[in-house]
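Data block below; observations after.
Worth saying up front: this structure is predicted, and the values here are computed from it rather than measured. Starting from 1, each residue takes its place in the sequence as its number.
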Amino acid sequence: MKRQKDQPDPAARLRDQIPEAGFPRGVGVASATTFVLLLMIAAFTAVYLSTAGPLSLLRADSGGQIPDEVTAGRQRATAALAQSLATSATSAAGDLRVATDSGVFDNGGDDAVLARLGKTYPDWRGIAVFDPAAKRVVATHGEPVAVENLRGVDVTNLTVRPIARPGDSPLVLTALPLTGDRAGRLLVVSTPLRGLSAELDKGPVRQIRLVTPDGVPLFSSGNEVPATDRVAQDLLARASTAAAAGESGVLSGAATDSGERLAPVVSYAPITSDGTAGSLGLAVVTFSRFPVEPAPARWPGLLPAAALLVLAVAGFVLLRSAVVKPILRLRADALAVAAGSLDEPVRQSRIREVNRLTRAVERYRSKLARRRPRDKVKPVVSAQVIVAVVTLALLGWSVAVAATLGRQHATVSPAVLGEYGGRVTHSAETLRRSLAQGLGDLRSVARLGSAERPDRLNGMLERLAEDENRFRSVYVTDEEGNVVHQAGRESLRDPGKLPDGSGIHQHNTSGRVPVVYAFARLPDSGKVVVGEYDIPRMASVLGSAGGRVRVVDEGKRTIADTQGYLAFSELTDSVLVKNVTTAQSGEDARESTDSSLVVASRLADDGSVADLNWVVVADQPVSSLGVADNTVRSGARVAALLTAVVALMLFAWHLLVVVRPLRRVAESAVPIAKGVGMGVGMGAVVYPQRQDEIGTIASCVEICRQALTDGKTRLGEVRRPAGAATDETKLLQRIEDEPVRGHPRPVRRREPQPLKPRPQPRRHQGNRRPEPAERGRK
């Protein structure tokens with residue numbers, strides 16, 4: 001800051017004496033800040049609201065690309081396939097535990113026991129009793145079991161190990177240590193790994209690979225990838241390495257130029273399972289080809305960005321010229337008057353809030369200079385109205401963008417619909433297999449329950465309810481349907497006689513909870529083994545498809561739902577009802593609407609599950625898909641919201657920092673200009689409440705007030721009394737110090753005491769003149 005002696009201008013010296021803080025104070029800060037924010041939003045609108053991405057100007061992609069939703073869907077489908085393979089690989093583990101609890105090993109030789117197990121579990125390819133100490137097979141049934149894969153393996157708990165078979169799907173060896181007389185031996189079962197063919201038959205998958213922990217393919221099914229296809233081979237090698245390390249993801253490559261433009265997509269996920277000793281040590285890698293879609297670079301955000309830029313510039317210029325500039329001009333004239341320069345008249349303004357102050361300061365100048373004030377200028381508009389107009393213009397832009405680009409419908413390609421339909425079909429197949437396996441488990445328990453030790457039935461039920469989480473309750477009923485043995489939670493089925501044979505039934509069509517159960521009769525007995533399915537578990541199996549997936553019965557009543565629902569609530573959406581009806585007739589039901597993708601599929605066409613006549617219907621909102629139009633719509637909503645926030649901030653900032661402070665200063669300045677309170681003492685003191693241009697104007701008004709009271713000598717100075725403005729003024733009396741030895745003692749001045757009222761003289765009758773003594777006293 002320059003020194004006062006270097007500044008001959010009195011107004012400049014006075015301006016240096018009055019402090020003004022920097023950002024965020026100042027009457028021009030609000031308009032400048034909002035202008036910069038609006039420029040940033042305009043740039044975001046122009047660059048981000050595009051169908052080809054912000055970097056499409058820097059790279060040429062004329063050949064098109066695979067939609068992001070397709071690649072993301074393949075990753076979810078591969079993860080679901082890995083989970084399905086893990087369930088298939090460990091399916092024999094629960095059966096082995098149930099078999100050991102049945103007491104089938106208590107009596108009979110090894111051959112008879114294995115034969116009985118082979119009839120009970122027809123899915124077991126081979127069964128063997130293996131002695132690892134002697135390294136020999138004690139007994140065998142069915143296909144030969146490759147027990148050499150267990151040599152050197154410390155099997156202390158249930159162990160699952162996959163093995164390869166040339167030209168066929170892999171087998172899974174499940175080994176369980178035996179107890180009692182057969183302690184030290186292993187019961188080894190070989191089962192096929194299921195779930196691979198269904199994935200290849202339905203969907204766009206061309207090849208499935210199972211990879212070992214060292215990255216070597218253990219098994220491959222489907223079409224072979226040509227060795228000359230370098231892009232596909234590189235993707236498969238990278239995916240195998242990542243999958244062997246326990247990672248999951250998806251890779252895509254460039255499309256080939258020959259024939260139909262198809263691009264390779266490779267997804268991978270590890271196969272993991274809990275509750276078994278040893279690791280499966282496998283990962284699944286799927287190879288698919290999808291047609292690329294042209295991605296023309298469209299920039300729908302350019303026009304809204306240009307409009308916002310025009311509004312930002314126009315609003316900035318309007319605020320600076322109509323609000324900020326008049327205040328700065330008033331500040332300069334007020335400083336000149338307060339500094340003593342009374343020759344030039346104060347420039348008037350057409351803004352109402354500023355006009356009140358300019359007229360007051362001009363009146364101060366005329367009174368101090370003893371001249372006639374300048375003619376009045378009638379105000380035209382209020383500063384608050386100008387700020388409101390700019391705010392409403394920005395809010396109108398936000399509403400327009402949100403109502404147009406923010407609500408446009410996305411275009412979904414056939415590849416996206418086909419990929420989603422494949423995932424829904426795979427989820428339906430997984431649910432069908434889970435229901436069928438539950439019925440198979442009950443049939444196995446029924447066969448084992450008729451053994452020589454029927455007292456082991458309770459242990460089998462407990463093991464089945466504990467290991468197989470597809471059941472919420474497992475129990476045995478008598479001929480009349482009354483529960484005699486139960487495991488798990490309390491049954492929900494009403495007591496009653498069960499149908500003949502075995503199967504899967506839906507018990508009710510109304511009520512609080514759907515009751516779906518499988519049952520199987522015990523041989524040579526009137527008792528029935530019943531297992532009630534866990535409905536939330538059924539819904540969780542369908543969650544891998546994405547979106548909202550529901551299971552409805554033949555009356556279109558909801559049985560299971562991946563989202564919150566009411567049991568047996570009927571479908572009301574006409575699109576869903578139409579697709580469910582189409583699926584019930586056995587046809588393919590897939591449809592794309594403006595708002596969602598709808599896919600419906602029958603749960604089963606034959607077998608025990610087909611008796612339910614259920615349909616799986618899925619509804620995927622288009623807004624949740626990763627397509628380009630959704631990106632534009634989301635970006636438009638973000639831009640509209642940000643602009644609305646900036647507009648409201650602009651209005652509030654100007655109202656609190658500019659308009660209201662101006663009005664407060666005018667309320668104090670106008671009475672001073674009219675002479676109100678000037679005849680009694682000092683009048684009302686004007687205190688600056690802000691350290692900005694308006695605070696400087698308030699300080700100048702106070703200086704002028706003092707000059708109008710005490711004379712022109714008060715101009716050109718800023719005098720601030722010590723303390724706060726609300727402190728009480730006190731007069732402190734002077735106290736003399738004690739005298740020093742050898743010096744005269746100072747006299748302490750007594751504080752002035754208030755005078756006592758003098759007695760009034762006695763009044764005499766008549767008009768007697770006072771005595772001379774009395775006249776002297778007066």
Q. Atom CG of Leu309 and atom OG1 of Thr45: how far apart are they, to the nearest 0.5 Å?
A. 10.5 Å

**Q.** Chi angles and distances behind the salt bridge (charged side-chain N to carboxylate O under 4.0 Å, His left out) call for Glu693, Arg25
**A.** CA-CA 9 Å; Glu693 293 86 346; Arg25 295 180 180 271; over 6 Å; no

Q | Interatomic distance, Leu650 atom CG to Leu37 atom CG [nearest 0.5 angstrom] | A | 10.0 Å

Q. Between Leu38 and Val646, is any pair of side-chain heavy atoms under 4.5 Å apart?
A. yes

Q. Are the charged groups of Arg331 and Asp692 less than 4.0 angstrom apart, N to O?
A. no

Q: Before accepting this row, confirm whether a basic side-chain N of the pair Asp619/Arg548 lies closer than 4.0 Å to the acidic partner's carboxylate O.
A: no

Q. Considering only heavy atoms from C-beta outward, does the side chain of Phe35 approach that of Val313 to under 4.5 Å?
A. yes

Q: Evaluate the criterion side chain to side chain donor-acceptor pair (under 3.5 Å) for residue pair Arg76 and Ser544; output intermediate values, then yes/no.
A: CA-CA 7 Å; Arg76 291 194 294 267; Ser544 60; over 6 Å; no

**Q.** Donor-acceptor contact present, side-chain Trp397 to main-chain Pro304, <3.5 Å
**A.** yes

Q.
Determine whether Val686 and Ile672 satisfy the following criterion, side-chain contact (heavy atoms from CB on, under 4.5 Å), listing intermediate values before the conclusion.
A. CA-CA 10 Å; Val686 181; Ile672 296 174; 3.7 Å; yes

(Q) Show, in sequence, the C-alpha distance, side-chain angles and deciding distance for Val354 and Ile327, and conclude whether the side-chain contact (heavy atoms from CB on, under 4.5 Å) test is met. (A) CA-CA 7 Å; Val354 182; Ile327 294 176; 3.9 Å; yes

Q: Using a cut-off of 6.0 Å, state whether more than 12 heavy atoms not belonging to Lys325 lie near its atom NZ.
A: no

(Q) How close do Ala636 and Gly406 get, counting heavy atoms only, and between which atoms? (A) CB-N, 3.8 Å

Q: Go through Trp653 and Val387 one step at a time and tell me if the side-chain contact (heavy atoms from CB on, under 4.5 Å) criterion holds.
A: CA-CA 10 Å; Trp653 199 343; Val387 176; over 6 Å; no

Q) Is the shortest heavy-atom distance from the side chain of Tyr364 to the side chain of Val701 under 4.5 Å? A) yes

Q) Got Lys556 and Thr581 here, is their nearest side-chain heavy-atom distance under 4.5 Å? A) yes

Q | Step-by-step side-chain contact (heavy atoms from CB on, under 4.5 Å) determination, Val599 to Val617 | A | CA-CA 6 Å; Val599 177; Val617 57; over 6 Å; no

Q.
To check you understand the geometry: which heavy-atom pair defines the closest contact between Ile703 and Ala338, and what is its length?
A. CG2-O, 3.7 Å

Q: Hey, could you give me the CG/CG distance between Asn355 and Leu330, rounded to the nearest 0.5 Å?
A: 10.0 Å

Q | Nearest-0.5 Å distance, CG of residue Leu715 to CG of residue Leu14 | A | 9.5 Å

Q: Look only at the side chain of Thr558 and the backbone of Ser569, and say whether a donor-acceptor pair between them is shorter than 3.5 Å.
A: yes

Q) Counting only N and O atoms by type, is there a donor-acceptor contact under 3.5 Å from the side chain of Arg557 to the main-chain atoms of Phe568? A) no

Q.
By the definition side-chain contact (heavy atoms from CB on, under 4.5 Å), identify the one residue from Pro379, Ser382, Pro326 that meets it with Glu353.
A. Ser382

Q. Any idea which heavy atoms bring Tyr420 and Gly547 closest together, and the distance?
A. OH-CA, 4.3 Å

Q. Is Thr34 reaching over with its side chain to a backbone N or O of Ser31, donor-acceptor style, under 3.5 angstrom?
A. yes

Q.
Show the nearest heavy-atom pair for residues Ala640 and Ser398, with the distance to one decimal.
A. O-OG, 3.1 Å

Q. Would a distance-only check, ignoring hydrogens and angles, find a side-chain to backbone donor-acceptor pair under 3.5 Å from Asn579 to Ala600?
A. no

Q | Minimum heavy-atom distance Ser592-Leu597, with the two atoms named | A | OG-CD2, 3.5 Å

Q: Check the side chains of Thr358 and Ser349 for a donor-acceptor pair under 3.5 angstrom, ignoring hydrogens and angles.
A: no

Q.
A side-chain contact here means heavy atoms from C-beta on lying under 4.5 Å apart; do Val552 and Leu576 qualify?
A. no

Q) Considering all heavy atoms of both residues, which atom of Val47 and which atom of Trp299 are nearest to each other, and what is their separation? A) O-CZ3, 3.4 Å

Q) Is any side-chain heavy atom of Leu319 closer than 4.5 Å to a side-chain heavy atom of Ile386? A) yes

Q. Are the side chain of Ser341 and the backbone N or O of Val337 linked by a donor-acceptor pair below 3.5 Å?
A. no

Q: Please answer whether the main-chain N or O of Ala673 pairs with a side-chain N or O of Lys367 as donor and acceptor at a distance below 3.5 Å.
A: yes

Q.
Side chains of Arg550 and Leu571, heavy atoms from C-beta outward: is any pair under 4.5 Å?
A. yes

Q.
Closer than 3.5 angstrom, by distance alone: can the side chain of Arg74 be matched with the main-chain N or O of Val250 as a donor-acceptor pair?
A. no

Q.
Has Thr562 got a side-chain atom pairing as donor or acceptor with Val549's backbone, closer than 3.5 angstrom?
A. yes

Q.
Could you check whether Arg365 pairs with Glu344 (Lys NZ or Arg NE/NH1/NH2 to Asp/Glu carboxylate O, under 4.0 Å)?
A. no

Q: Decide, yes or no, whether a salt bridge links Glu667 with Arg664 under the criterion of side-chain N to carboxylate O below 4.0 Å.
A: no

Q.
For the CG atom of Leu251 and the OG1 atom of Thr71, what is their distance to the nearest 0.5 Å?
A. 10.5 Å

Q) Counting distance only, does the side-chain N/O of Ser366 pair as donor-acceptor with the main-chain N or O of Arg363 below 3.5 Å? A) yes

Q | Donor on one side chain, acceptor on other, Arg329 and Gln348, under 3.5 Å | A | no

Q) What distance do Gln384 atom CD and Thr391 atom OG1 have between them, rounded to the nearest 0.5 Å? A) 10.0 Å

Q. Does the side chain of Val622 reach to within under 4.5 Å of the side chain of Asp594, using non-hydrogen atoms?
A. no

Q) Does a donor on one side chain sit under 3.5 Å from an acceptor on the other, for Ser596 and Thr593? A) yes

